[in-house]
Structure formats: structure tokens, C-alpha cells
Novice: 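The following block contains the structure, expressed as C-alpha cells.
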Protein chains: 2
Amino acid sequence: MPTPRPRGPKAVKMDPRTLLDAALKVFARDGLEGASLRAIAREAGCDPSLIYYHFENKEAMFSALLEERIPPLVKDLRRLADPLDPRGTAEKLWTAMRCFHRHLHDSAGFRAMVRGQIVRGAETIPEQLARRLRPAQFAVIAIIRRGLRRGELRPGLNPYLVGLFLIRMEAEILDLVPVFAERLSGLKPTVAVAAAECTWFDVFWRGVAAHPMEPLPFLESL
Amino acid sequence: MPTPRPRGPKAVKMDPRTLLDAALKVFARDGLEGASLRAIAREAGCDPSLIYYHFENKEAMFSALLEERIPPLVKDLRRLADPLDPRGTAEKLWTAMRCFHRHLHDSAGFRAMVRGQIVRGAETIPEQLARRLRPAQFAVIAIIRRGLRRGELRPGLNPYLVGLFLIRMEAEILDLVPVFAERLSGLKPTVAVAAAECTWFDVFWRGVAAHPMEPLPFLESL
DNA sequence: CCCATAATTCAACAAGCGTTGAAAAAGGAC
DNA sequence: GTCCTTTTTCAACGCTTGTTGAATTATGGG
């Protein structure tokens, strides 16, 4: 019984970015498995087939989403990894973690993609994502290598694994802590996430630093 | 063109456990999203509808799978958390981590469930799983609390978060390290996972221990 | 030997998905 | 005013999924 909607151009044309925004909203609300083209179209207030006017197919749409969201993250991390940036390794790694927070916290669906979850109609997205995220991974590893050279990190640590620990735990915190926060501690999700990140970085840094007892002045405000 | 198979009972009747084993095999090979009833039936060499003779529906089948796999894990962890077990906190936490390894390493699909991934026809499974895994979580937390009381862990640490760090990173290692192992290090997956676990526990323990420099004799064989 | 029951397959259903081709309407060009 | 292009919706297709009811056959009891 859906009353038919008039065809033809609307007063305000549909911008592809509006569709991407709708997709992100559905991602955040219903996760990756809820992000069907019909759901995205409903969120954007249009017909599913309109998506095919603006994008080649679902995969291309998701690709455009990656194109929109990943380069800023990579840019931030590259700047951080620049050897000319004089900050210490602890502060750089903390900032790298917060970078991931900034770029991933608003979309569980995005994190599910990062995790490699497969979606019908967008099967090659996990591979694409891994490829495009590699520069981000390399930037983190570069920071860690520099920390090893400068003697700020314990010798013998595998930079790849250290980077994996730092970043994947950040993603886990963003996924899990908001769910349990209110039940366990009565804290607001954002506060609980911030507290968990501080605890995690504290544990992480003591675990990898060559001199873990030296104070971390950049963390004092917390 | 599929030549019809004879109906009626076979020489060897189908055991529900055989179906569960087939489901686990599909989980390990194709992950959670590949585990359709048709795929499981194909693996077990029977018709999908036979599953409905032995289980009420897909959800009940997955439930039975949890019933089969979770209690042994919980039992192991409860024994470990028993205050009468005199081992130190470091060894207990290492053993707890290895418990999760033992019970989860063979099934990426199972880990995806633990992660809360949703599956059509088994929508309530993540909630069930979380509920049934809670005793495991509590056991780990109990170990950590004891460690805090005995002064083996740094005071002020949140036991819930510390447990989360230890266990979720183990799951991440099982998910990610095998994929990258051969490309990055040329190591066999099992060896790479073992090495990553050692590195992780080393970092973790230095991060949470009150006296991280004391040697860990139980780790010396590695 | 007959019959009830247990175990199995088959064919079909409805729902959801990504996708496509055609129809409709608005806006600008001439 | 007419026509062409752009933007939009609609209806349908083919596929996969969980699920069901009927048909079929082997087995064991009386």
C-alpha cells in the first residue's frame, strides 16, 4: 500500500555524498550486516535504484566511502611518523592511537570492515581496505622503529606486532567498552572509552618502553 | 541434474554430533558468513532438511554447539581461578590465555560469534554466547583480583579492563597473525601465533605487574 | 507377514538481497 | 512550444537463505 512517489528530478538533487552519509549512519546504527542498499536508500529518503545512478554498484559505493575516510587517517599518521616531528615515541604512539579513535569511533560498520567481515555485493572490500590501510600500518611501524633506534623502546621487540597490539586494542575498546560501560560502571560511554584508552596506553607503554618509569607529561591532563 | 538420492533411513543413522562437527568444519573453512544450513548439510553429506529433524532450527543447532564447546572452557578457567591453586598470577594468566587458545584456535567462525557477529536465522546467538561466556570472564577477573590482593599486580588497575586486554588480544592474534605470518616472516602459522603470544604476554605482563622484572620461570622453555 | 514408527529426501515457500530496464517527470535548449 | 537530457521511481529478475510439508524407504515389534 505504499503511495507511489512522483518520479523525475526533485527540487534538491541527490548528492552522492548524501548517500555516503546515509550509508555511514546505517553502519553506525545497524552494523555492516544491516547495511543493505534498501536500508541505505531508506535512510537517504530515496529509492534503492537511485544508488545505481550515482555509483556503479554496491562495491563501488563502499569503495567511495573508503576513498573518503581513509586518506585523512593516513595523512594524519604520516605527519606523525615524519622524522622531523621531534616528539618522543610515547607521545607519538598515544597520538597515533587517538588518530584511530578519531577516525573510527563513529562507525561500528567501518570497524567491521576493517576486521575483514564479508558483505554480499561487496566481496572485495576487505582486500581493498587492507591494501589502503597498509600505509597507516607502515606509519605506525615507522614510529616504532624510530623508538627502537632511539632506545626508547625495549630492544628485540617486533615492530609489526607492537603496532598490531596498539591499534587492534583501540578498535576492541571502541567496539566493546560502550556496550558494557553503563552496566558495569554507570559511566557514560564516551567517558568509559576515554578511561579504557588511558588504562590501555598505560599498560601498553609500560610493556614496550625501555624506561617505563619516566613520566609522560603529555598525559598529565587526564 | 542431480541424480536423486534414495529416501528413508541410511545404514548408519545421522548422529546430531556429526552435524555439529560438520558445522565446525564449515566455520573453520568459510567463517560465520559461509555457514549456511545448505553448506553444513553438504559438508555432512545429507539434505538440509535433515537438520530440522535433529534440531528445532538453525538457532537451536548453534545453541547446541555452544553447549558442547563453552562448558569445557569455563571448567578449565574455573579450575585455574580456584584460590586453592597455589600458582602465581603470572602463570595463571598465561595459562588462562592458553586456555582460550586451545578452545578457540580451530574455528574462526566461533571467534566471529564471540565477537558478536550476527547471522540470519540465529539472531539471538550473540546474546546467548555473551551470557554463557560470562563465567569465563568472571574467572579471569577473579584471578586478577587475587593478583591485586597479593600485590603481584599494580594497584589501581581495573580488573575488568585487564581481563579484556588479555583475552581479546589473544582472539585478535588467532585471527590476524596466521594471515600475515607467511608473507611477513615466512614462519608457519602455528609458529608465528606462538611467537606472537609470547611477545604479547611479555608486553602485557610488564604492563600490569607490580614487579615486572622478576623472572617468569614457567616461560623459560620458550 | 504386516504395520507403525523413525529417518531421510524432495520440492516448494516466503523473505531478503543486489541488480536492471523501462517509464515518468522536471528543466533547459532551441 | 517542442524536444532532449538529467534525475528519479517502479516493477521485476535471479539468487540465496531459513523453513516446512509431503513423499519415501528402512527397521523393528506383534
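Below, all heavy atoms of this structure are taken into account, side chains as well, without hydrogens, waters or symmetry copies. Chain identifiers are assigned alphabetically (A, B, ...) following the order of the sequence lines, protein sequences preceding nucleic acid strands; residue numbering begins at 1 within each chain.
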Novice: Compare side-chain N and O positions of A/R5 against OP1 and OP2 of D/dT9 and report whether any pair is under 4.0 Å apart.
Specialist: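 Yes, within the criterion.
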
Novice: So, OP1 or OP2 of D/dT7: does either fall under 4.0 Å of a side-chain N or O from A/H54?
Specialist: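 So the side chain of A/H54 is outside the cut-off, no N or O lying under 4.0 Å from OP1 or OP2 of D/dT7.
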
Novice: With a 3.5 Å cut-off and just heavy-atom distances, do the side chain of B/R120 and the base of C/dG16 make a donor-acceptor pair?
Specialist: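 Result: no qualifying N/O pair found.
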
Novice: Can you tell me the distance, in whole Å, between the CG atom of B/L19 and the C1' atom of C/dT8?
Specialist: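 Atom-to-atom, B/L19 to C/dT8, this comes out as 12 Å.
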
Novice: Any donor and acceptor pair, going by atom type alone, linking the side chain of A/R111 with main-chain N or O of A/L104 inside 3.5 Å?
Specialist: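 Between the backbone of A/L104 and the side chain of A/R111 there is a qualifying donor-acceptor contact (under 3.5 Å).
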
Novice: For B/K58 and B/L37, indicate whether the former's side chain and the latter's backbone hold a donor-acceptor pair under 3.5 Å.
Specialist: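 Checking the backbone N and O of B/L37 against the side chain of B/K58, no donor-acceptor pair under 3.5 Å is found.
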
Novice: For A/R98, run the side-chain hydrogen bond (donor to acceptor under 3.5 Å, both in side chains) check against A/H105, A/H103, A/E170, A/E197 and tell me which one passes.
Specialist: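 Only one option passes, and that is A/E197.
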
Novice: I'd like to know if A/R38 reaches the base of C/dG18 with its side chain, counting only an N/O donor and acceptor under 3.5 Å.
Specialist: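 Indeed there is one.
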
Novice: So B/F201 and B/W205, would you call those rings parallel, tilted or perpendicular, with 30° and 60° as cut-offs?
Specialist: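 Answer is parallel, since the angle falls under 30°.
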
Novice: Say whether, by atom type as modelled, one donor and one acceptor occur between the side chain of A/D15 and the main chain of A/T18 under 3.5 angstrom.
Specialist: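 Side chain of A/D15 to backbone of A/T18: no pair is present.
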
Novice: So B/V12, base contact, sugar-phosphate only, or nothing? Heavy-atom distance under 4.0 Å.
Specialist: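 Sugar-phosphate contact only.
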
Novice: For B/I40 and D/dG18, give me the distance from atom CD1 to atom C1', rounded to whole Å.
Specialist: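 Result: 11 Å.
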
Novice: CD of A/E33 versus P of D/dT16: gap in Å, rounded?
Specialist: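 My rounded result for the distance is 21 Å.
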
Novice: Give me the atom names and distance for the closest heavy-atom approach of B/A39 to B/V26.
Specialist: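 Closest approach of B/A39 to B/V26, heavy atoms only: O-CG2, 3.9 Å.
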
Novice: Return the value, rounded to whole Å, for the distance between atom CZ of A/F55 and atom P of C/dG18.
Specialist: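 Result: 15 Å.
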
Novice: Return the value, rounded to whole Å, for the distance between atom CG of B/L50 and atom P of C/dA11.
Specialist: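 That distance rounds to 17 Å.
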
Novice: Which is more 5' along DNA chain D, the nucleotide nearest A/Y53 or the one nearest B/A35? Just name the residue.
Specialist: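 Closer to the 5' end of DNA chain D: A/Y53.
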
Novice: For the residue pair A/P159 and A/R145, what are the closest heavy atoms and their distance?
Specialist: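 Of all heavy-atom pairs spanning A/P159 and A/R145, the closest is CG-NE, 4.0 Å.
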
Novice: Rounding to an integer number of Å, can you tell me how far B/D15 CG sits from C/dT8 P?
Specialist: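 My rounded result for the distance is 10 Å.
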
Novice: To the nearest Å, how far apart are A/D30 CG and C/dC17 P?
Specialist: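 Rounding to the nearest Å, CG of A/D30 and P of C/dC17 are 11 Å apart.
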
Novice: Quick one: what's the B/S/- string for nucleotides 20-30 of chain D, heavy-atom cutoff under 4.0 Å, read 5' to 3'?
Specialist: BB-BBBB----

Novice: Counting heavy atoms from C-beta on, name the nucleotide in C/dC10, D/dG18, C/dC17 closest to the side chain of B/P4.
Specialist: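 My answer, after comparing the listed nucleotides, is C/dC10.
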
Novice: Roughly, in whole Å, what's the span from CG in A/L37 to C1' in D/dT9?
Specialist: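 For the pair A/L37 CG and D/dT9 C1', the rounded distance is 16 Å.
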
